[in-house]
Amino acid sequence: MLPFPVIAIDGPAGAGKSTVARALARRLGFFLLDTGAIYRSLALFAEQHGVSWADGPRLGALAEQLPIRFGRGDEDGAVYLAEQTVTTAIRTPEVSLGASQVSAHPEVRAMLLELQRQLSRSGPCVVEGRDIGTVVLPDAPLKIFLTASPEVRAQRRQKELEARGVRADVSDTRREQEERDRRDLTRATAPLKCADDAVLFDTSDRSLEQVIDDLAAIAKIRLSL
Ligand code: DC
């Protein structure tokens, strides 16, 4: 049994997961555990220690002693690695690539499992990732799987890139998304999958406000808030 209310949010890139998870956590006054930030921090930590993103066993050993800390309260959203702020350093395209590579190793996933469970036990929280409802917290009392149509997801990604000043062709964006989906859905360890008992929620035709209103209402009923 989990000691506090927990909401697991999973789904593919572009479904609006990060934005929705953050806004929902804020609305409910819950802590947000962004598990992607853990994989990203491990990729950065490996780089700092000269460990290759292809070396599963050594990455597993690093993961065991990953000195990660998430900011709380006023520091909400901040990520620290060995007490150094890495909040923005873990969002570069290079570290994104590294995170995707390190997250594919079974040794890494096994080692980070306990850390994710520990962090989600510290208070009421929204836990966002790819395998939260299926592997990390199979007992979560509320699981949400966010999706959106491939067109909408590609458009969102395109907008996000443009906002960052990155020029990209729409068809390239769509192709990269299909490739990432294929990798996420077919990887041997913890593939992206909707848990049988998850609420499947399509964000394609809803505004963020509507999505949060709906999910907060579901959470209040299911978690007796
Ligand atoms: O959600 P994100 O883009 O910050 O995730 C970074 C990488 O980590 C991404 O390649 C997917 C991976 N990841 C994962 O495999 N399992 C999770 N629970 C969270 C993220």
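These numbers come from a predicted model, not from an experiment. All ligand and atom numbering here is 1-based and tracks the order in the structure. Scope of the values below: all heavy atoms of this structure, side chains included, with no hydrogens, waters or symmetry mates. We're numbering straight along the sequence, starting at 1.
Checked against a 3.5 angstrom limit, the closest N/O atoms of Asp131 and ligand 1 fall inside it.
For atom 7 (C) of ligand 1, the nearest non-hydrogen atom of the protein is Ala99 CB, 3.7 Å. With hydrogens left out, the protein atom closest to atom 19 (C) of ligand 1 is Thr35 OG1, 3.4 Å, a heavy atom. The nearest protein atom to atom 8 (O) of ligand 1, hydrogens excluded, is given as Tyr39 CB, 3.6 Å; this is a heavy-atom distance. In this structure, the protein non-hydrogen atom closest to atom 10 (O) of ligand 1 is Ser100 CA, 3.2 Å. Looking only at protein heavy atoms, the nearest one to atom 3 (O) of ligand 1 is Arg40 NH2, 3.0 Å. The single protein non-hydrogen atom nearest to atom 5 (O) of ligand 1 is Gly36 CA, 3.6 Å, given as residue, atom name and distance. Of the protein's non-hydrogen atoms, the one nearest atom 1 (O) of ligand 1 is Arg130 NH1, 3.0 Å.
With hydrogens and angles left out, the side-chain atoms of Thr19 and Arg156 include no donor and acceptor closer than 3.5 Å.
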**OP:** Go through the steps for Glu176 and Arg180 under the test salt bridge (Lys or Arg N to Asp or Glu O under 4.0 Å), then give the verdict.
**Re:** CA-CA 6 Å; Glu176 279 165 24; Arg180 209 172 32 217; 5.9 Å; no

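Between the Arg109 side chain and the Ser103 main chain, a donor and an acceptor come within less than 3.5 Å of each other. When atom types are taken as modelled, the side chain of Lys143 and the backbone of Asp10 share no donor-acceptor pair closer than 3.5 angstrom.
A chain of hydrophobic side-chain contacts below 4.5 Å, direct or via other Ile, Leu, Val, Met, Phe, Trp or Tyr residues, connects Phe45 to Leu119.
Look at Arg109 and you'll find a heavy atom under 4.0 Å from some atom of ligand 1. Ligand 1 lies within reach of Arg187, whose nearest heavy atom is under 4.0 Å from it.
A salt bridge does not link Glu178 with Arg153: every distance from a Lys NZ or Arg NE/NH1/NH2 to an Asp or Glu carboxylate oxygen is 4.0 Å or more. Of the charged side-chain nitrogens involved, at least one lies within less than 4.0 Å of a carboxylate oxygen, so that Asp34 and Arg91 count as a salt-bridged pair. One finds no salt bridge joining Lys159 and Glu162 here, because no Lys/Arg side-chain nitrogen approaches an Asp/Glu carboxylate oxygen to under 4.0 Å.
The Ser103 neighbourhood of ligand 1 comprises atoms 12 (C), 15 (O), with distances under 4.0 Å to a heavy atom of that residue.
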